[in-house]
Amino acid sequence: MPLCAGTLPSTKQMLSTRPQSINAPAFSKAHSSFYQVLRASCTRGNARTLIVQATDRTVMIGLAADSGCGKSTFMRRMIGVFGGSPHAPEGGNPESNTLLSDMATVICLDDYHCLDRTGRKEKGVTALDPKAQDFELMYEQAKAIKEGKSIDKPIYNHVSGLLDPAETIKPPKIMVLEGLHPFYDERVRDLYDFKIYLDISDEVKFAWKIQRDMKERGHSLESIKASIEARRPDFEAYIDPQKKHADVIIQVLPTQLIPDEKEGKVLRVRFIQKEGVNFFKPTFLFDEGSTISWIPCGRKLTCSFPGIKFFYGPDTYYGEEVSILEMDGQFDKIEELIYVESHLSNTSAKFYGEITQQMLKNSQFPGSTNGTGLFQTIVGLKIREVYEAVVETTVKSAV
Ligand SMILES: Nc1ncnc2c1ncn2[C@@H]1O[C@H](COP(=O)(O)OP(=O)(O)OP(=O)(O)O)[C@@H](O)[C@H]1O
Ligand SMILES: O=C(CO)[C@H](O)[C@H](O)COP(=O)(O)O
């Protein structure tokens, strides 16, 4: 017999009640906010089950970029928004590329290479070539995860260059597929709730690669140049075109504040945001839809040479309406970012100062004093908002 809202237990009672059987799902704090939605229309028995099932729907996020373009750094920022520390699967293959955290699991699409290093060499293809990628398996497994099923996913071992035995991945609340081809196959593309592309210009990519591969991995300047050149044709043919499918693009270019600066030390970062994307409201500066150029007051935002400049305005990108928020230059003190934050709207922050708080928490990550860190942090908040909106919609349709 249906119960009226007043007769259903309170959220506090729900939290303290044990499930009626071992297999019944537990009601946790994470479900509380959705309980109100159901309280008016559910019987005691099915309320718990419906809420838990609805909030257990996996939200799919795609992150595309070339290798060495800051995907790992971005993932660490995103996971920081949800809390909990990222870790590799325990007790498994030490060369696993998977990252687990309380809310999110990040899968690296290199695991869907169907040709190992020798195979690619024999066939004369690079890892960027779709021929080296098993899209059939990628689609089947991404779909299974979205349907709440566990998968046994292969592991591409970056040390040996071989495909290792599979690891089991359980469906998380948020699944991120990151790598070279997340939006290449139309079937996989249609599974995402939100799509991100990190678009790093050649000059900056080169500077970052030198920093990592020369200083940290002992590669020579010549070999880094040669590897970038060898990848370029396939990058242009197969990776770069995927950016037109993304909902947001973080484009990283050399600064325009210093003439002919090509070293990639000072960056101009553009946050390209599509209009009309489900559950996503573009962030704006001062006044939505206006075109604004802003040089913040130097007393409120300390910046050494060459200073800092913001831009915001509407534009088109591959024929679609977008709004662009741009930051050229860098600031000196992260805590002063609160001044910039106070002029931004639709940031998806839960409280005033959350962006600055996140930036301070991750101050040791590269890009913490420029637009890469700022926009990656905002995208992390956007992912949280998309997640919450998808879950709420699922709960409502369950009701
Ligand atoms: N925002 C940034 N500002 C400056 N340098 C950065 C930034 N993001 C990344 N880097 C540099 O680029 C290098 C690669 O970054 P990261 O490991 O995050 O990229 P990746 O895309 O995950 O690489 P891969 O796919 O090869 O594992 C880092 O070592 C760092 O030096
Ligand atoms: O682009 C890459 C990763 O994003 C790698 O180059 C690709 O996975 C091939 O691996 P390896 O360098 O081990 O041969």
Side-chain angles (χ1 to χ4, degrees), residues 63-79 86 95-99 106-123 125-134 154-164 176-182 184 196-201 203-217 219 223-224 227-228 230-232 234-235 238-239 242 250-255 263-269 271 327 329-330 359 362-377 379-380:
L63 172 67
D66 197 1
S67 108
C69 285
K71 293 186 298 288
S72 316
T73 312
F74 175 53
M75 283 298 107
R76 285 190 291 157
R77 282 192 196 277
M78 183 210 83
I79 286 171
E95 296 310 325
S96 166
N97 302 305
T98 303
L99 205 58
V106 183
I107 283 183
C108 174
L109 295 178
D110 292 351
D111 289 336
Y112 292 100
H113 287 333
C114 55
L115 295 176
D116 61 14
R117 201 175 288 157
T118 315
R120 288 194 301 270
K121 211 167 182 185
E122 281 169 3
K123 292 218 157 47
V125 295
T126 71
L128 297 96
D129 191 319
K131 285 194 219 76
Q133 205 69 3
D134 187 345
I155 298 173
Y156 176 71
N157 186 323
H158 281 97
V159 177
S160 64
L162 298 170
L163 283 152
D164 283 353
V176 183
L177 302 187
E178 65 94 350
L180 297 170
H181 304 94
Y184 189 84
I196 307 151
Y197 187 96
L198 299 183
D199 185 9
I200 315 296
S201 69
E203 296 93 330
V204 178
K205 206 187 283 185
F206 188 53
W208 289 1
K209 272 225 170 248
I210 289 179
Q211 183 182 318
R212 186 182 69 176
D213 295 354
M214 224 169 135
K215 292 192 184 143
E216 294 169 23
R217 299 187 182 173
H219 297 186
S223 73
I224 298 170
S227 122
I228 290 182
R231 289 169 74 100
R232 194 194 300 275
D234 282 354
F235 174 77
Y238 309 118
I239 312 303
Q242 292 177 82
I250 298 182
Q251 186 182 41
V252 185
L253 304 154
T255 182
E263 271 188 65
K265 283 200 180 118
V266 183
L267 302 175
R268 172 178 167 230
V269 188
F271 183 26
M327 176 176 157
Q330 55 201 27
M359 292 283 283
N362 300 323
S363 59
Q364 75 286 9
F365 293 179
S368 289
T369 54
N370 64 35
T372 58
L374 174 62
F375 297 144
Q376 285 178 4
T377 302
V379 175

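We count ligands from 1, going down the list as the structure has it; atoms in each ligand are counted the same way.
- The protein heavy-atom contact nearest to atom 19 (O) of ligand 1 is Gly70 N, 2.9 Å.
- Within the listing of ligand 1, atoms 19 (O), 20 (P), 21 (O) sit less than 4.0 angstrom from a heavy atom of Cys69.
- Every atom of ligand 1 is numbered from 1 in the order shown, and the set under 4.0 Å from a heavy atom of Arg212 is 14 (C), 17 (O), 23 (O), 24 (P), 26 (O), 27 (O), 29 (O).
- Residue-ligand proximity, Thr372 to ligand 1, at heavy-atom distances under 4.0 Å covers atoms 1 (N), 2 (C).
- Distances between N or O atoms of Arg117 and those of ligand 2 include at least one value under 3.5 Å.
- Close contacts between ligand 2 and Ala127 involve ligand atoms 7 (C), 9 (C) [criterion: under 4.0 Å to a heavy atom].
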Stepwise side-chain contact (heavy atoms from CB on, under 4.5 Å) check, Leu99 with Ile79: CA-CA 10 Å; Leu99 205 58; Ile79 286 171; 4.0 Å; yes
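- Under 4.0 Å is where a charged nitrogen must lie from a carboxylate oxygen, and between Lys123 and Asp129 no such pair does.
- Ranking protein heavy atoms by distance to atom 3 (C) of ligand 2, first place goes to Asp110 OD2, 3.0 Å.
- The shortest side-chain heavy-atom distance between Ser201 and Val252 does not fall under the 4.5 Å cut-off.
- Because its NZ or CZ atom is both nearer than 6.0 Å to the ring centre of Phe235 and within 45° of the ring axis, Lys205 counts as a cation-pi partner of that residue.
- Nearest protein heavy-atom neighbour of atom 22 (O) of ligand 1: Ser72 OG, 2.4 Å.
- From the protein, the heavy atom lying nearest to atom 1 (O) of ligand 2 is Arg231 NH2, 2.8 Å.
- The nearest protein atom to atom 2 (C) of ligand 1, hydrogens excluded, is given as Trp208 CZ2, 3.3 Å; this is a heavy-atom distance.
- Ring geometry, His113 versus His158: the interplanar angle exceeds 60°, so the pair is classed perpendicular (tilted spans 30 to 60°).
- When hydrogens are left out, the protein atom nearest atom 18 (O) of ligand 1 is Thr73 OG1, 2.7 Å; that is the closest non-hydrogen contact.
- At least one side-chain heavy atom of Leu115 sits under 4.5 Å from a side-chain heavy atom of Val125.
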Could you please spell out the steps behind the side-chain contact (heavy atoms from CB on, under 4.5 Å) verdict for Arg120 and Asp116? CA-CA 6 Å; Arg120 288 194 301 270; Asp116 61 14; 5.7 Å; no
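- Scanning the protein heavy atoms around atom 30 (C) of ligand 1, the nearest turns out to be Gln211 NE2, 3.9 Å.
- Of all atoms in ligand 2, numbered sequentially from 1 with element shown, those under 4.0 Å from a heavy atom of Tyr156 are 10 (O), 11 (P), 13 (O), 14 (O).
- Ile107 pairs in a side chain to side chain contact (heavy atoms under 4.5 Å, CB included) with only one of the listed residues (Leu177, Asn97, Val176), which is Leu177.
- Distance remark: protein heavy atom not present below 4.0 angstrom from atom 12 (O) of ligand 2.
- Smallest separation of non-hydrogen atoms from Arg77 and Gly367: NH2-C, 3.8 Å.
- Annotation for ligand 1: atoms under 4.0 Å from non-hydrogen atoms of Lys71 are 18 (O), 19 (O), 20 (P), 21 (O), 22 (O), 25 (O).
- Counting heavy atoms under 4.0 Å from ligand 2, residue Glu178 does not touch it at all.
- Checking each of Ile200, Leu374, Leu198 against Ile250 for a side chain to side chain contact (heavy atoms under 4.5 Å, CB included) leaves exactly one that passes, namely Leu198.
- Contact annotation: the side chain of Glu178 approaches that of Lys71 to within less than 4.5 Å [non-hydrogen atoms, C-beta and beyond].
- The shortest distance between side-chain heavy atoms of Tyr238 and Leu180 does not fall below 4.5 Å.
- Closest to atom 8 (O) of ligand 2 among all protein heavy atoms lies His113 NE2, 2.8 Å.
- Every atom of ligand 2 is numbered from 1 in the order shown, and the set under 4.0 Å from a heavy atom of Arg120 is 9 (C), 10 (O), 11 (P), 14 (O).
- In the vicinity of His158, heavy-atom distances shorter than 4.0 Å reach the ligand 2 atoms 8 (O), 10 (O), 13 (O).
- Within the model, atoms CD of Gln211 and CG of Asp213 stand 10.0 Å from one another, a figure rounded to the nearest 0.5 Å.
- With a heavy-atom cut-off of 4.0 Å, Leu128 does not touch ligand 2 at all.
- Remark: minimum distance from atom 23 (O) of ligand 1 to any protein heavy atom is reached at Gly68 N, 3.0 Å.
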